[in-house]
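Structure, as structure tokens:
What you see is a predicted model; the values in this text were computed from it and never measured. When reading the values below, keep in mind they use all heavy atoms of this one structure, side chains included, and skip hydrogens, waters and symmetry mates.
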Amino acid sequence: MELTVPVALLAGIVSFASPCFLPIVPVFVGQLVGSGPGRVDRRVALGNSLAFVAGFSIVFIALWASLGLLGRSLGPHAVHARILGGAVLVFMGLHVAGLLRLPVLDRLVRGRLPVAGGTTSVWRAGLMGVVFGAGWTPCIGPVLSGILTLATVSSTVWSGMLLMTAYCLGLGLPIVAVALGSAEVTRRFDWFARHHVAVSLVTGGLLVVVGFLMITNLFASLAGLIPVFGI
């Protein structure tokens, strides 16, 4: 299952760079570090942005854990759950690639963020992250759903946790970098926005491939090849 960790990390990056999320990043960052005049305290920016990332990571991981409990209670039907999960991943991949439109996944759901007055505290930043994770899903819904499916049917709890952590890192670390004032990060991610169609095709294609591997149960065979190449 470690083979899918780069896919989860890339999925997080794609979620951050999506055309309908990247433009609102300054709004989140402005709430985290304050939009008033004067230099941003980098220590405050780091603490608040990490708290924000931790907030939505807790929500995403808790959602995965609740789905995982359901999946692991299936017992002898786990094989059918794996095949169903692979099929869901294929559909999600086709949707992310733009080859299959699922209108329900295109709906924009937003939660009301706490309004920051003055300097945002770490606790308020964490709460903002929780609200974001629970109720704000612009563009990240289909990709997140695919990673949740992949993590839910993973072979062990630790592999599922690793996948969710990789996704959250891919989504969260660019937010931390922007909060610390890295304009270069925003410029680099503009490339993703300009080439969103190609990036979506690649990401969706990877999800489809992973879904097919899940359906055919080829993960074990591929994992057995890794030591041969010294990976």
Contact summary for L207 and V7, nearest pair of heavy atoms: CD2-CG1, 4.2 Å
Separation of L32 CG from I175 CD1 (nearest 0.5 Å): 8.0 Å
From L63 atom CG to L148 atom CG, the distance as rounded to the nearest 0.5 Å: 5.0 Å
Any residue meeting ring pair (Phe, Tyr, Trp, His ring centres under 6.0 Å) with F56, in chain and number order, not counting sequence neighbours: F52, F60, F132
Hydrophobic cluster membership, W123 vs V44, 4.5 Å side-chain cutoff: no
Residues that I58 engages under side-chain contact (heavy atoms from CB on, under 4.5 Å), provided they are two or more places apart: none
V143 to A11 - nearest heavy-atom pair and separation: CG1-CB, 3.4 Å
Candidate pair F16 and V25, rule side-chain contact (heavy atoms from CB on, under 4.5 Å), full reasoning: CA-CA 8 Å; F16 175 86; V25 169; 3.6 Å; yes
Residue pair A179 / S49: nearest heavy atoms and the distance that separates them: CB-CB, 3.7 Å
By side-chain contact (heavy atoms from CB on, under 4.5 Å) - contacts of V90 (at least two apart): L94, V208, I215
Counting only pairs under 3.5 Å, give me each side-chain donor-acceptor contact of residues 163-173, with atom names and distances, residues two or more places apart or in other chains.
unit_1, atom_1, unit_2, atom_2, d
T165, OG1, M161, O, 2.8
Y167, OH, S15, OG, 2.8

